[in-house]
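Heads up: the structure comes next, in structure tokens.
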Amino acid sequence: MAAAQDVLLLVGRLNYVWTNTESLLIYVIAHLLGVEKDAAIVVFLTLNTTRARIDLTERLAKLPRIPVATRDDVLAITERLKQQSKMRNKYNHCIYSVDEQGEISSTQLMRLVEGEKDVRYGKVEQLDAREMARLDNAVREITDISKRLWTFIRSRPNFDERSI
């Protein structure tokens, strides 16, 4: 069982690094569309889900006019983002079960699973040391994705550091 404070600190870090990393897609979208950052911000904010933003970025990268190296870089980055979005979604859309000592013992997903004759919800998973390590690893991986995005963004010929 994990101390509530430790879990909430890690989930807070997860949200912080995720939000900052996802917002970097604005620059990737601007580059792929060949537009100014302001226009890319409008596009980014109009799409109200991470999935839609990643889908758009991937589809733009696959356009015939996009150089193969750019396409491959963008698709590699978005694939990593999709993998980490699973952990982010889990901890943003779950209920935390607390034991008698006030420690978080498990998570329960708030998702329906519909069978032919029944409806179930909420896969329960223990929040043990192994899961805490997975959560900590997700924070590190998202941070690394952010660094990779910055490397990509800064390598673009029309990138202007003043536009940040």
Side-chain angles (χ1 to χ4, degrees), residues 1-33 37 40-41 43-63 66-98 103-111 113 121-156 159 161 163-164:
M1 282 173 247
Q5 182 175 345
D6 295 337
V7 173
L8 297 176
L9 179 62
L10 266 177
V11 171
R13 286 179 57 212
L14 177 71
N15 284 315
Y16 172 77
V17 297
W18 180 267
T19 301
N20 286 334
T21 301
E22 182 181 8
S23 70
L24 294 177
L25 290 177
I26 291 167
Y27 296 99
V28 178
I29 291 167
H31 171 68
L32 295 171
L33 285 174
K37 183 177 95 172
I41 289 171
V43 171
F44 180 88
L45 294 176
T46 300
L47 301 170
N48 61 1
T49 67
T50 295
R51 185 70 211 176
R53 292 166 178 159
I54 291 173
D55 284 350
L56 172 68
T57 304
E58 289 179 332
R59 290 170 183 162
L60 291 172
K62 293 175 183 176
L63 291 175
I66 302 298
V68 172
T70 298
R71 181 198 64 220
D72 292 348
D73 281 349
V74 170
L75 294 179
I77 292 167
T78 56
E79 183 58 35
R80 290 175 69 192
L81 268 176
K82 286 190 289 190
Q83 290 304 310
Q84 293 308 314
S85 72
K86 294 172 188 174
M87 183 68 84
R88 179 220 174 239
N89 289 340
K90 173 183 177 177
Y91 283 96
N92 277 282
H93 303 292
C94 73
I95 293 175
Y96 298 93
S97 297
V98 179
E103 304 300 332
I104 298 176
S105 58
S106 62
T107 60
Q108 184 172 16
L109 295 182
M110 295 307 300
R111 180 177 296 154
V113 177
Y121 73 94
K123 179 181 178 184
V124 175
E125 295 182 318
Q126 294 305 305
L127 193 47
D128 53 16
R130 183 174 167 262
E131 183 63 9
M132 289 291 288
R134 285 185 65 233
L135 185 53
D136 188 56
N137 186 59
V139 170
R140 283 194 306 276
E141 172 67 7
I142 295 165
T143 301
D144 190 63
I145 294 167
S146 181
K147 290 175 185 175
R148 179 64 192 98
L149 274 164
W150 273 119
T151 299
F152 175 83
I153 292 163
R154 287 189 172 114
S155 72
R156 301 300 96 191
F159 177 70
E161 191 82 30
S163 70
I164 297 176

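Listed for the Arg53 side chain is a donor-acceptor partner under 3.5 Å among the backbone atoms of Leu47. Although no hydrogens or angles enter the test, the distance criterion places no donor-acceptor pair under 3.5 Å between the side chain of Asp136 and the main chain of Met132. Judged by distance alone, the side chain of Ser105 and the main-chain N or O of Ser97 form a donor-acceptor pair under 3.5 Å. In terms of modelled atom types and a separation under 3.5 Å, the side chain of Tyr96 and the main chain of Glu103 share no donor-acceptor contact.
The minimum heavy-atom distance linking Leu149 with Val28 is given by the pair CD2-CG2, 3.8 Å. When every heavy atom of Ala52 is checked against every heavy atom of Thr49, the shortest pair comes out as N-OG1, 3.0 Å. Among all heavy-atom pairs drawn from Ile153 and Leu24, the shortest one is CD1-O, 3.7 Å. Closest non-hydrogen pair, Leu14 versus Met87, comes out as CD2-O, 4.1 Å.
Rounded to the nearest 0.5 angstrom, Ile26 CD1 and Thr57 OG1 are separated by 10.0 Å. Atom CG in Asn20 sits 11.0 Å away from atom CG in Asn15 (nearest 0.5 Å). In this structure, OH on Tyr16 lies 11.0 Å from CZ on Arg13, to the nearest 0.5 angstrom. From Thr78, atom OG1 reaches atom CG of Asp73 across 10.5 Å, with rounding to the nearest 0.5 Å. To the nearest 0.5 angstrom, Ile54 atom CD1 is 5.0 Å from Leu81 atom CG. In this structure, the separation between CD1 on Ile77 and CD on Glu58 is 11.0 Å, given to the nearest 0.5 Å.
Note on Glu22 versus Arg88: no salt bridge recorded, every NZ/NE/NH1/NH2 to OD/OE distance being 4.0 Å or above. Salt bridge status for Arg140 with Asp144: absent, with no side-chain N to carboxylate O gap under 4.0 Å.
Qualifying side-chain contact (heavy atoms from CB on, under 4.5 Å) partners for Thr70, counting only residues two or more places apart in sequence or in other chains: His31, Leu32, Ile66, Pro67, Val74, Phe152, Arg156. Partners of Lys123 according to the side chain to side chain donor-acceptor pair (under 3.5 Å) rule, which considers only residues two or more places apart in sequence or in another chain, are Glu125. Qualifying side-chain contact (heavy atoms from CB on, under 4.5 Å) partners for Ser85, counting only residues two or more places apart in sequence or in other chains: Trp18, Asn89.
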Next item on the list: Carefully, step by step, assess Arg51 and Asp55 under the rule side-chain contact (heavy atoms from CB on, under 4.5 Å).
Entry: CA-CA 6 Å; Arg51 185 70 211 176; Asp55 284 350; 2.9 Å; yes
Next item on the list: Step by step, work out the side-chain contact (heavy atoms from CB on, under 4.5 Å) result for Arg80 and Arg148.
Entry: CA-CA 10 Å; Arg80 290 175 69 192; Arg148 179 64 192 98; 4.1 Å; yes
Next item on the list: With side-chain contact (heavy atoms from CB on, under 4.5 Å) as the test, would you mind laying out the steps for Leu109 and His93 before giving the verdict?
Entry: CA-CA 6 Å; Leu109 295 182; His93 303 292; over 6 Å; no
Next item on the list: Take Cys94 and Gln108 through the test side-chain contact (heavy atoms from CB on, under 4.5 Å) and record every step on the way to the result.
Entry: CA-CA 5 Å; Cys94 73; Gln108 184 172 16; 5.9 Å; no
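More than 12 non-hydrogen atoms from other residues, nucleotides or ligands lie less than 6.0 angstrom from CZ of Arg71.
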